[in-house]
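Every heavy atom of this structure was used, including side-chain atoms; hydrogens, water molecules and symmetry mates were not. Nothing fancy with the numbering, it's 1 onward along the sequence. First listed ligand is number 1; within each ligand, the first listed atom is number 1. Remember, predicted model here, so these are calculated numbers, not experimental data.
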Amino acid sequence: MSIRPNSIEARDVARVLHPYTNAVAHEQVGPMMIERGDGIYVVDNEGNRYIEGLAGLFCASLGFSEQRLVDAAHRQMQKLPFYHSFGGRSHDTAVELAERLVDLSPVPMSKVFFANSGSEANDTAIKLAWYYHNSIGRPAKKKIISRMRAYHGVTIASASLTGLVNNHRDFDLPMDRILHTECPLHYRYANPGEDEEAFATRCADALEQLIQKEGPETVAAFFAEPLMASGGCIVPPPTYYEKIQAILRKYEILLIADEVICGFGRTGNMFGCETFDLKPDVITMAKQLSAAYQPIAAVMINERVYSAVRDASGKIGTFGHGFTYGGHPVATAVALETLKIYEERDIVNHVRSIMGEFQSGLKSFADHPLVGDARGAGLIGALELVSNKESKEIFNPSWGVAAHVGERALKHGLITRALGDTVNFCPPMIITKAEIGEMYARARRALDDTYAWLQAGRPVAAAWRSN
Ligand SMILES: Cc1ncc(COP(=O)(O)O)c(C=O)c1O
């Protein structure tokens with residue numbers, strides 16, 4: 001393989017260890033250099049324009065050239081470029097943002113803790129669950145249940161929550177105390193003839209059996225992305241969450257909703273918890289909170305959790321947790337401006353007005369010979385590729401078929417993302433109906449190319465930018 005035409009020299013790229021990249025293949029092909037952004041487009045160093053069909057990493061909700069966010073960062077840099085929140089210190093943008101988030105919350109919440117990434121927010125939520133149960137005199141409640149194919153991040157604890165093989169393999173994860181239950185993807189995991197209702201019941205039963213096996217007195221919390229994005233856009237069936245939440249209440253297990261991708265309009269409501277009727281005790285959020293223009297994340301806790309945390313910190317003498325850059329003035333200023341823009345432009349209603357087009361366009365791929373399932377909600381969706389539509393048989397993973405679609409999509413001016421056997425779409429929320437049509441037209445060309453490639457003979461592994 002030669003150096004990619006739009007890459008810089010190999011010696012110049014050797015210093016970056018790229019996340020989610022095959023390092024061996026990368027040494028040969030080099031990076032794809034993105035130089036600038038313009039609305040829903042990004043432009044590489046050869047001037048090629050791409051529709052960013054994944055909003056970067058499910059995050060650049062307002063596209064790549066929102067001047068108001070640039071200005072908000074600039075203003076804040078001039079006023080107060082840094083201050084922290086340790087030891088009771090504060091500054092106005094952190095205070096205002098926390099207030100705003102509590103106002104927006106889908107369930108009554110009490111306090112907001114700031115972090116810098118989704119992984120940190122989820123790690124914090126785990127620590128808070130332990131702190132909470134210790135504080136209320138249930139020190140045995142320590143186990144956390146997540147789901148297979150969940151994605152909650154990459155730090156030691158959040159990677160353990162993540163239910164994907166490559167996040168565990170050779171990292172000696174998951175750590176103990178973290179367990180995984182059934183993945184609620186009907187298309188892939190339902191038994192033959194099992195309808196959605198019966199499947200939801202079976203998933204809930206499996207959760208209850210796990211809790212009973214482990215001992216309910218040892219289980220602290222259950223983590224859920226309302227819609228499981230990085231696992232391949234998994235939309236749980238109706239009644240699933242109703243059944244799951246009844247079990248969590250029965251065994252006094254905290255519900256932690258990971259809104260890192262769903263939050264701020266993505267599913268057609270401000271939060272995924274509204275779309276899927278979740279009533280969490282803790283909510284974690286990041287990404288679209290700042291439209292990705294600044295790294296910022298938050299953990300929102302209800303009064304029950306807060307009062308236990310308050311009591312424990314009073315007893316110990318401090319709440320011994322915090323990040324230097326948590327609640328950073330520039331990040332909080334940009335997040336505040338982002339929320340203002342969402343409100344002024346009524347982003348939730350904008351998503352609602354285009355999500356029909358987005359979902360019906362996605363469903364129209366069902367006729368494609370490579371597509372077994374087309375699924376999604378709001379402005380997020382995925383195509384699951386299969387080698388046999390009847391039996392749902394998957395392709396040999398070493399062929400990197402979904403990755404090949406991603407490569408062909410680049411040639412047609414579209415960036416999307418292969419996750420396992422799925423091709424994912426999650427464009428900036430400012431996308432228009434016409435642009436959705438153009439995005440899918442480019443995706444169809446990529447699928448057709450891939451079909452032709454498969455027909456032409458045995459593919460060679462194409463996994464070098466598979467994730
Ligand atoms: C649902 C969810 N939670 C947590 C994370 C981790 O966020 P970060 O990459 O900012 O650590 C992600 C990242 O994609 C995510 O999708």
Side-chain angles (χ1 to χ4, degrees), residues 18-21 52 54-61 113-128 144 146-164 166-168 171 173-174 178 180 183-185 221-236 255-267 271-273 275-276 278 280 282-300 323 325-326 328 331 334-335 338 376-382 416-420 422 424-426 467:
H18 286 262
Y20 289 99
T21 301
E52 231 309 350
L54 206 83
L57 287 172
F58 307 87
C59 51
S61 47
F113 176 87
F114 289 114
N116 307 290
S117 69
S119 301
E120 285 179 3
N122 286 330
D123 257 42
T124 297
I126 292 173
K127 289 178 74 177
L128 284 169
I144 314 278
S146 172
R147 294 174 292 184
M148 287 177 267
R149 291 181 69 164
Y151 192 84
H152 296 293
V154 295
T155 53
I156 290 175
S158 67
S160 298
L161 292 175
T162 292
L164 298 168
N166 289 346
N167 294 99
H168 296 166
F171 289 116
L173 296 174
I178 296 196
H180 294 89
C183 170
L185 175 57
F222 178 80
F223 259 81
E225 301 161 77
L227 173 154
M228 300 168 70
S230 301
C233 198
I234 296 158
V235 186
L255 173 58
I256 302 173
D258 179 341
E259 291 269 8
V260 167
I261 284 183
C262 294
F264 308 101
R266 181 54 68 183
T267 64
F271 289 94
C273 286
T275 306
F276 297 98
L278 284 162
V282 176
I283 297 178
T284 59
M285 61 193 91
K287 298 200 188 240
Q288 300 198 142
L289 167 57
S290 63
Y293 280 48
Q294 283 286 296
I296 180 169
V299 185
M300 205 154 51
F323 302 104
Y325 301 120
H328 192 286
V334 170
T338 302
L379 214 55
I380 181 166
T416 175
R417 190 163 179 215
L419 293 162
T422 61
N424 291 263
F425 301 93
C426 182
N467 267 296

Roughly how far, to the nearest 0.5 Å, is the [atom2] atom of [Y] from the [atom1] atom of [X]?
X: L278; Y: E259; atom1: CG; atom2: CD; answer: 8.0 Å
X: N424; Y: L419; atom1: CG; atom2: CG; answer: 4.5 Å
X: H180; Y: L164; atom1: NE2; atom2: CG; answer: 8.5 Å

State which residues pass side chain to side chain contact (heavy atoms under 4.5 Å, CB included) with S119; sequence neighbours excluded, sorted by chain then number.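 S117, V154, T155, S158.
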State which residues pass side chain to side chain contact (heavy atoms under 4.5 Å, CB included) with N116; sequence neighbours excluded, sorted by chain then number.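 N116 satisfies side chain to side chain contact (heavy atoms under 4.5 Å, CB included) with E120, F323, Y325 once adjacent residues are dropped.
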List the residues meeting ring-ring contact (aromatic ring centres under 6.0 Å, His included) with Y293, not counting sequence neighbours, and say none if there are none.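 Once residues adjacent in sequence are excluded, Y293 has no partner under the ring-ring contact (aromatic ring centres under 6.0 Å, His included) criterion.
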Counting only heavy atoms and a distance below 4.0 Å, can you name the residues contacting ligand 1? S117, G118, S119, N122, Y151, H152, G153, E225, S230, D258, V260, I261, K287
